[in-house]
Amino acid sequence: MRAHLARVDAVLVQAVIAAALSFAHLHDVASAAGQDGWKAWAYPVSVDLLLVAAWRRLRSGEAKAAGWCWFLIALAASLGANVATAGLLDLDHVPSWLRILVAGWPAVAFLGGTLLVHSSPTTHDETSDAVDQETPEDIEDQEDTPDPAPEPPAPPAVEPAPAPPPVTVPAALVEHARKVAAEHHARTGTAIDTLTLRARLGVPPPMADAIAAQLT
């Protein structure tokens with residue numbers, strides 16, 4: 001038990017030291033980039049909160065890709081500040097790209113925190129709760145009740161064929177057909193049929209039928 005407490009105490013001490021140093025380095029970088037006063041102190045808080053949100057997402061086991069992505073972004077910001085303040089960066093002459101990164105960090109941190117914390121929950125828990133609420137009697141009733149036989153599909157409705165449009169026959173064509181019919185009757189002694197009338201006039205079948213109806 002004491003060995004376990006010793007390990008825990010060592011981890012806590014390391015965590016406090018790392019957090020304090022990283023907090024101070026982030027403050028120094030933000031202050032050197034033109035963020036003075038309370039704004040310089042808000043930057044390390046923003047980075048640490050994004051790290052905590054990403055760590056909680058990784059611990060939950062959901063959307064680990066997003067959790068690792070934002071965890072690495074926050075870790076890069078923290079490590080970058082630590083390395084920059086270790087003598088590799090002249091804090092009196094901060095480059096423009098670093099000023100741009102520092103100025104744009106609040107929007108990036110807000111986006112990451114929103115995606116990590118306020119993402120839509122999965123429906124697994126809701127489904128599990130619904131299953132847990134079912135009593136054994138309900139499950140037995142569901143197992144004993146046979147599934148209803150599927151209804152046969154309804155036959156497709158047959159639409160009636162549309163009636164053909166009425167055929168309009170010009171009066172001149174009717175008079176010509178009368179002459180052809182009279183000539184045929186005088187030559188053969190029989191009334192002209194529809195097929196012969198159609199062949200003599202060169203009209204389609206519907207019009208030939210309409211003309212024959214007017215000759216009778």
Side-chain angles (χ1 to χ4, degrees), residues 1-136 138-139 142-143:
M1 183 67 180
R2 292 181 178 178
H4 178 69
L5 292 176
R7 289 196 300 269
V8 172
D9 291 341
V11 172
L12 289 177
V13 171
Q14 291 290 346
V16 171
I17 293 174
L21 292 176
S22 178
F23 198 91
H25 292 160
L26 285 167
H27 169 269
D28 293 343
V29 171
S31 179
Q35 307 296 326
D36 54 352
W38 65 269
K39 293 182 288 184
W41 292 107
Y43 277 85
V45 175
S46 175
V47 173
D48 291 342
L49 288 179
L50 185 59
L51 278 172
V52 172
W55 176 78
R56 292 189 61 181
R57 173 54 62 91
L58 293 175
R59 289 290 302 271
S60 67
E62 300 176 357
K64 287 189 174 182
W68 275 114
C69 176
W70 290 107
F71 182 83
L72 292 177
I73 291 175
L75 185 62
S78 179
L79 291 178
N82 295 338
V83 174
T85 54
L88 299 180
L89 180 66
D90 185 4
L91 297 181
D92 294 331
H93 301 85
V94 177
S96 300
W97 61 265
L98 183 58
R99 294 179 182 272
I100 295 174
L101 289 179
V102 172
W105 171 257
V108 175
F110 176 76
L111 175 63
T114 302
L115 294 177
L116 290 172
V117 177
H118 298 286
S119 59
S120 59
T122 58
T123 58
H124 176 72
D125 296 337
E126 298 178 358
T127 305
S128 300
D129 295 341
V131 174
D132 294 339
Q133 291 177 0
E134 293 184 354
T135 61
D138 296 336
I139 297 177
Q142 293 177 2
E143 293 178 353

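Everything numeric in this text was worked out from a predicted model, so none of it was measured. Residue numbers start at 1 and run along the sequence shown.
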**Q** Run the side chain to side chain contact (heavy atoms under 4.5 Å, CB included) check on Val108 and Trp70 step by step: do they pass?
**A** CA-CA 10 Å; Val108 175; Trp70 290 107; 3.8 Å; yes
**Q** Can a donor-acceptor pair be found, under 3.5 Å and without considering hydrogens, that links the side chain of Ser60 to the backbone of Arg57?
**A** yes
**Q** Minimum heavy-atom separation for Ala40 to Gln35, with atom names?
**A**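 In terms of heavy atoms, the two residues are closest at CB-O, 2.9 Å.
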**Q** Specify the closest pair of heavy atoms between Leu26 and Ala77, including all atoms of both residues, with the distance to one decimal.
**A**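 Between these two residues, the closest heavy atoms are CD2-O, 3.6 Å.
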**Q** May I have the step-by-step check of side chain to side chain contact (heavy atoms under 4.5 Å, CB included) for Leu50 and Leu116, ending in yes or no?
**A** CA-CA 9 Å; Leu50 185 59; Leu116 290 172; 4.1 Å; yes
**Q** So, taking the atom named OG in Ser96 and the one named CG in Leu101, what distance separates them when rounded to the nearest 0.5 Å?
**A** 11.0 Å
**Q** Answer yes or no: does atom CZ of Arg56 have more than 12 heavy-atom neighbours from other residues, nucleotides or ligands under 6.0 Å?
**A** no
**Q** To the nearest 0.5 Å, how far apart are CZ in Phe110 and CG in Leu49?
**A** 13.0 Å
**Q** Grab the two heavy atoms, one from Tyr43 and one from Trp105, that are nearest each other, plus how far apart they are.
**A** CD2-CD1, 3.8 Å
**Q** Residues two or more places apart in sequence or in another chain: which of them pass side-chain hydrogen bond (donor to acceptor under 3.5 Å, both in side chains) with Ser31?
**A**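 side-chain hydrogen bond (donor to acceptor under 3.5 Å, both in side chains) check on Ser31 returns nothing, list empty.
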